[in-house]
K.L.:
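Have a look at this one.
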Amino acid sequence: MSENENKSSNFIHNIIDKDIESGKYGGEVYTRFPPEPNGYLHIGHAKSICLNFTTAEKYGGRCNLRYDDTNPVKEDVEYVDSIEEDIKWLGFSWDKKLWASDYFPKMYEAAVELIKKGEAYVCDLSADEIRETRGTLKEPGKESPYRNRTVEENMQLFKEMKAGKYKDGEKVLRAKIDMASPNINMRDPVIYRIAHVEHHNTGSEWCIYPMYDFAHPLEDAIEGITHSICTLEFEDHRPLYDWSLDQLGWWDPQPQQIEFARLNITNTVMSKRLLKGLVDDGSVEGWDDPRMPTIAGLRRRGYTPEAIRDFCERIGVAKANSTVEMALLEHCVREDLQSRVASRNVVFDPIKVVITNYPEDKTEELAMENNRNVPEMGGRTVPFSRELYVDGADFMEVPVKKYFRLFPGNEVRFKGAYFIKCEEVVKNDDGTIKELRCTYDPATKSGEGGEGRKVKGTIHWVDAASAVAIKVREYGYLMVEDEQGEERLNPDSVKEMTCYAEPLISEAKGGDRFQFFRHGYYIADSKLSTDTEKVFNSIIGLKSSFKIKK
RNA sequence: UGGGGUAUCGCCAAGUGGUAAGGCAAUGGAUUCUGAUUCCAUCAUGCGCAGGUUCGAAUCCUGCUACCCUAGCCA
């Protein structure tokens, strides 16, 4: 991979360039990827991961992996292994692996500091009451009756909160800012809540937990993060981010939050809620179901980390909401795979072909290159004999115009073998095709000259006697929208079929990728393959194929 | 606009007052024992709209319009 040189710049780089020029952070660039461990990472996270890690890389800086585990009721350590695996698989290494929960003491100290400065107070209002007094988008809120408690009283109450004297929801700590602020986030936001819940990291040490808006700036500042990159919906929270740090005045310089637009891809569900729902109700095999847009799903489907990184590079980073076409991701995989993958003959929807003038007891081993564009990948041999299978799409009894594959009376090149002419179509009683009776021209053997005649089409085939049955799974869109605009599972999102492949395919190991002649790219699914039957997941089809025009 | 954002080709996206990069998609053509790949060519007198400033505007000013975010003790 060509590193650095032609990496496009974006508005975040422009901000960093200015910071470097002004010396704001002494030329340092320190970023972080802060997932909440409440689900698997998806392609949208990949954009954020690439952005944070490559930005640090570009400037010779560092990037931390930090779990944003400030809400024990929603989080689960079961996800951390997958998160780390996915980041590593994408090819990134973090500077430090950290847990926001390790900063709970420092955050508590910060809250105490705010109380002492009269900038925070303990509020006894219920969640409902807080909502009711917050005002609306157009009307200011009302001040809490507890807003003017003394510093001493607040200190006492907050200590009691920490000591576990109160039940969940009984009290909260609020920042004392401005109930009339046009920005609702500044209307005395809750910064600490009570939750008598076991925390995976701190156990039962704490029963009060900081809210994201208060915790996140502290986490960044503690780690010395310079540029805290997050998505657009946090734009309105930035004043609170800055307020928290400004009030404390503990750090100089302070990190700055920069927002960018999250990734959307056409026909792709990116909502964690929906994805988790599909996993929980058994609609998919799990978070790594090949139909899922999770990194684990894409991996199992056969996408490469290089392709995903290339995709993230190409989509750019900006603040405009956008939806990238799936075709771009597909282009990236195709481009990556075409030079690293060997081709194998697999026929879908097989039709039997009998070469009537070929000896019944003869079998030839014909040479075939693994990848025509990459000679270093060498070649292989495949058996050829009197009975073969061809792809259902490569024969038309009544050809449409410009169809140049097999049809009665037409002659085509069998890839790596001979010119074959279809002489007769033999049918079953029910009218379906039983077999094609064909003849071959011995003078046209592949690689042995005989360039006299030309033929328009080349099709692939497998030897019937040695063919291996494999299962092929092809994927469509996971979700569709119904009349009500509700997203629901697409019943046709997976199609499984049995196909015939050349014998060598039986040596495929889980994770091996191939190009199936004329069908596209496929990966051997180690999770579903057995010794007797291999399952191949489709990654992506070829760029274009013959389309029948009406 | 309560407030905060964003508008440049079908989809992304550069551009930061000097006369519209690039990629994907699409379309034509060349080569091809994969209708793939590769290769060449075409693809915004135009930058949400309307005015204004300027020798010169996607870039500055004014006024509109559309869409997104925001009223969790989630992140």
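Worth knowing before you read on, the calculation uses all heavy atoms, side chains too, and leaves out hydrogens, waters and symmetry mates. Below, chains carry the letters A, B, ... as their sequence lines are ordered, and counting in each starts from 1.
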K.L.:
Are the side chains of A/Y146 and A/L157 in contact, using a 4.5 Å heavy-atom criterion?
P.N.:
no
K.L.:
What are the residues of residues 340-351 of chain A, sorted by number, that bring a heavy atom to within less than 4.0 Å of RNA chain B?
P.N.:
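When residues 340-351 of chain A is checked for heavy atoms under 4.0 Å from RNA chain B, there are no hits whatsoever.
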K.L.:
Looking at B/U38, I'd like to know if its phosphate oxygens (OP1 or OP2) sit under 4.0 Å from a side-chain N or O belonging to A/Q338.
P.N.:
yes
K.L.:
Do any pairs count as a side-chain hydrogen bond (donor to acceptor under 3.5 Å, both in side chains) and have a residue in residues 315-330 of chain A, sequence neighbours left out, and if so which ones?
P.N.:
A/E235-A/K319
K.L.:
Within this structure, what is the NZ-to-P distance between A/K138 and B/G4, rounded to whole angstrom?
P.N.:
14 Å
K.L.:
Please say which of A/K97, A/R66, A/R32 ends up in a salt bridge (charged side-chain N to carboxylate O under 4.0 Å, His left out) with A/E223.
P.N.:
A/R66
K.L.:
Could you spell out the base pairing of RNA chain B as a dot-bracket line? Use Watson-Crick and G-U wobble contacts where both distances are under 3.5 Å, [ ] for crossing pairs, | for partners on a different strand.
P.N.:
.(((((((.[[[..)..(...]]].(((((.......))))).....[[[[[..)....]]]]])))))).....
K.L.:
Quickly work out the A/K454 NZ to B/U31 P distance and round it to whole Å.
P.N.:
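Interatomic distance, NZ of A/K454 to P of B/U31: 9 Å.
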K.L.:
Rounded to the nearest 0.5 Å, what's the gap from CE on A/M211 to CG on A/L240? Could you check?
P.N.:
10.0 Å
K.L.:
One character per nucleotide, please: for nucleotides 70-75 of chain B, 5' to 3', B when the base has a protein heavy atom closer than 4.0 Å, S when only the sugar-phosphate does, - otherwise.
P.N.:
BBSBBB
K.L.:
Is the closest basic N to carboxylate O distance between A/R314 and A/E335 below 4.0 Å?
P.N.:
yes
K.L.:
For the rings on A/F414 and A/Y440, is their centre-to-centre separation under 6.0 Å?
P.N.:
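No, the ring of A/F414 stays outside the 6.0 Å limit from the ring of A/Y440, centre to centre.
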K.L.:
Give the rounded distance in Å between these two atoms: CG of A/N371 and P of B/C33.
P.N.:
16 Å
K.L.:
Measuring from A/L51:CG to A/I12:CD1, what's the distance to the nearest 0.5 Å?
P.N.:
4.5 Å
K.L.:
Distance between the C1' atoms of B/A30 and B/A57, in whole angstroms?
P.N.:
43 Å
K.L.:
How far, in whole Å, is B/C61 from B/G18 if one measures between their P atoms?
P.N.:
16 Å
K.L.:
Taking only the P atom of each, what is the distance from B/U45 to B/A50 in whole angstrom?
P.N.:
15 Å
K.L.:
Run through A/D124, A/D188, A/D178 and flag the one making a salt bridge (charged side-chain N to carboxylate O under 4.0 Å, His left out) with A/R147.
P.N.:
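Of A/D124, A/D188, A/D178, salt bridge (charged side-chain N to carboxylate O under 4.0 Å, His left out) with A/R147 is met by A/D188 alone.
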K.L.:
C1' atom, B/G15 versus B/G22: distance in rounded Å?
P.N.:
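Looking at atom C1' only, B/G15 and B/G22 are 12 Å apart.
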K.L.:
Determine, using ring centers only, whether A/F311 and A/Y303 are less than 6.0 Å apart.
P.N.:
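No, the ring centres sit 6.0 Å or more apart.
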K.L.:
Parallel, tilted or perpendicular: which fits the ring planes of A/Y192 and A/Y108, with parallel below 30° and perpendicular above 60°?
P.N.:
perpendicular
K.L.:
Whole angstrom is fine here: how far is it from CG in A/D336 over to P in B/U37?
P.N.:
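It is 15 Å, rounded to the nearest whole Å.
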K.L.:
Could you state the CG-P distance from A/L366 to B/C33, rounded to the nearest angstrom?
P.N.:
17 Å
K.L.:
Could you measure between the two P atoms, the one in B/C68 and the one in B/A41, and give it in whole Å?
P.N.:
41 Å
K.L.:
Since syn is defined as within 90° of 0, does B/G51 count as syn or as anti?
P.N.:
anti
K.L.:
Whole-Å distance between B/G23 P and A/L329 CG?
P.N.:
19 Å
K.L.:
Walk along nucleotides 7-14 of chain B from 5' to 3' and tag each nucleotide B, S or - by protein heavy-atom contact under 4.0 Å, base first, then sugar-phosphate.
P.N.:
---BSSSS
K.L.:
Suppose we screen for side-chain hydrogen bond (donor to acceptor under 3.5 Å, both in side chains). Which residues come up paired with A/E129, at least two apart in sequence or across chains?
P.N.:
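Checked A/E129 against side-chain hydrogen bond (donor to acceptor under 3.5 Å, both in side chains); matches are A/S126.
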K.L.:
Starting at atom CG of A/N370, determine the distance to atom P of B/A36, rounded to an integer number of angstrom.
P.N.:
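The distance from CG of A/N370 to P of B/A36 comes to 21 Å, rounded to the nearest Å.
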K.L.:
When the distance from CG of A/D441 to P of B/C33 is rounded to whole Å, what number comes out?
P.N.:
17 Å
K.L.:
Cation-pi between A/K415 and A/W461: NZ/CZ under 6.0 Å from ring centre and within 45° of the ring axis?
P.N.:
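Not flagged: A/K415 not positioned over aromatic ring of A/W461.
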K.L.:
Categorize A/Q515 for me: base, sugar-phosphate, or nothing, with a 4.0 angstrom heavy-atom threshold over every strand shown.
P.N.:
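Base contact - A/Q515 has a heavy atom under 4.0 Å of at least one base atom.
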K.L.:
Using 0.5 Å steps for rounding, measure from the OH atom of A/Y166 to the CE atom of A/M161.
P.N.:
9.0 Å
K.L.:
Please give the distance between the C1' atoms of B/A25 and B/C11 as a whole number of Å.
P.N.:
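My reading of the C1' atoms in B/A25 and B/C11 gives 7 Å.
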K.L.:
With rounding to whole Å, what would you report as the distance between B/U42 and B/C24 at their P atoms?
P.N.:
16 Å
K.L.:
Using the C1' atom as the reference point in each nucleotide, state the distance between B/G28 and B/A66 in Å, no decimals.
P.N.:
36 Å
K.L.:
Taking the six-membered ring for Trp and the full ring for Phe, Tyr or His, determine whether the centres of A/F234 and A/H216 are under 6.0 Å apart.
P.N.:
no
K.L.:
Would a 4.5 Å heavy-atom cut-off, applied to side chains only, mark A/I258 and A/F11 as touching?
P.N.:
yes
